[in-house]
> 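One structure is given below, represented as structure tokens, and several questions about it will come after.
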Amino acid sequence: MLNDKLLEALNEQMNFEFYSAHTYMAMAAYCSAEGIDGFANFFLVQAEEERFHAMKFYNFINTLGERAVISGFEEPNNEFHSILDVFEKALTQEKVVTKRIYHLSDLAWDVREHATINFLKWFIEEQVEEEDMFDSIIQKLKRIDNDSNAFFMMDNEFAKRTFTPGE
Ligand code: FEO
């Protein structure tokens, strides 16, 4: 039997990962409306990744013989001023996720729940990669500034992104 507080926190994180998918869908929709379909694809794939993360929590909770409880969530932000703004908001979102995963890990350590500690290691590594990815794109967008050729090359590159579970 899992510690109640830890179970609640695992459920909350599962729902937050679904919410993250929703957040990235809003970003994809903004990009589609702006006619930058490669960037839209990038965020559609990111939303898939977040659903994959949520399902990892769902499956883990079930594996422990507990019940995953699906909740609603607040409306994601749909207001963006530019593609740079989109990526800056994406990085902010990932930093929130990182803090939440660390908090969850602290909680698992507090109650010596080693299966959960081990489960969360994947997420700790994943967050390092996700923050790095968004940070690199922000730096690139700042560097290319008003170079429309470089911008459309980036859009073409993002059009090729596909969802690979585990990445
Ligand atoms: Fe599931 Fe992008 O953190």
Side-chain angles (χ1 to χ4, degrees), residues 2 5-32 36 38-64 66-80 82-109 113 115-141 154 157-167:
L2 202 58
K5 213 170 142 192
L6 185 58
L7 175 60
E8 194 183 326
L10 284 166
N11 261 309
E12 274 178 15
Q13 190 56 31
M14 172 191 69
N15 284 296
F16 198 80
E17 299 285 348
F18 280 126
Y19 170 69
S20 291
H22 227 49
T23 299
Y24 289 127
M25 288 299 294
M27 293 179 185
Y30 169 83
C31 294
S32 289
I36 41 176
F39 281 91
N41 178 62
F42 175 93
F43 283 108
L44 289 175
V45 170
Q46 192 62 32
E48 283 296 305
E49 288 219 358
E50 299 305 340
R51 276 189 285 273
F52 174 73
H53 296 172
M55 289 309 294
K56 274 179 98 77
F57 279 96
Y58 175 91
N59 289 326
F60 181 67
I61 292 166
N62 280 324
T63 302
L64 293 182
E66 301 288 353
R67 181 172 175 182
V69 180
I70 309 298
S71 69
F73 33 74
E74 65 182 88
E75 189 176 311
N77 175 59
N78 278 284
E79 296 297 320
F80 305 101
S82 64
I83 191 65
L84 181 60
D85 181 43
V86 173
F87 277 94
E88 283 175 339
K89 287 189 164 89
L91 179 59
T92 301
Q93 168 80 11
E94 289 305 329
K95 285 185 173 171
V96 171
V97 175
T98 302
K99 257 193 203 148
R100 296 181 64 103
I101 297 285
Y102 284 5
H103 174 72
L104 200 42
S105 185
D106 285 346
L107 201 57
W109 275 104
E113 222 296 305
T116 304
I117 291 165
N118 193 48
F119 168 73
L120 291 171
K121 281 182 186 158
W122 184 90
F123 284 92
I124 290 168
E125 283 177 24
E126 177 74 2
Q127 284 313 116
V128 173
E129 285 174 21
E130 297 234 306
E131 284 196 27
D132 182 50
M133 175 184 72
F134 283 113
D135 191 49
S136 301
I137 295 169
I138 288 167
Q139 298 316 318
K140 204 168 176 183
L141 280 171
M154 226 173 148
E157 199 54 42
F158 285 156
K160 296 179 201 149
R161 188 182 188 202
T162 55
F163 171 61
T164 312
E167 288 183 3

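Counting convention: from 1, in listed order, for ligands and their atoms alike.
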> As a test of reading the structure, name the N/O/S atom of Glu130 that is nearest atom 2 (Fe) of ligand 1.
OE1
> To 10°, measure the OE1(Glu94)-atom 2 (Fe) of ligand 1-OE2(Glu50) angle for me.
150°
> With a 6.0 Å cut-off on the ring centroids, do Phe43 and Tyr30 count as close?
no
> For atom 1 (Fe) of ligand 1, which N, O or S atom of His53 is at the shortest distance?
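Among the N, O or S atoms of His53, the one closest to atom 1 (Fe) of ligand 1 is ND1.
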> For atom 1 (Fe) of ligand 1, which N, O or S atom of Glu17 is at the shortest distance?
OE1
> Go through the steps to decide whether Phe87 and Phe42 satisfy the test ring-ring contact (aromatic ring centres under 6.0 Å, His included), and finish with yes or no.
CA-CA 11 Å; Phe87 277 94; Phe42 175 93; 5.5 Å; yes
> Any side-chain donor-acceptor pair under 3.5 Å between Glu131 and Gln127?
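No, no side-chain donor-acceptor contact under 3.5 Å.
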> For Phe16, does the six-membered ring have the charged nitrogen or CZ of Arg100 within the cation-pi criterion, i.e. under 6.0 angstrom from the centroid and within 45° of the normal?
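Flagged: Arg100 positioned over aromatic ring of Phe16.
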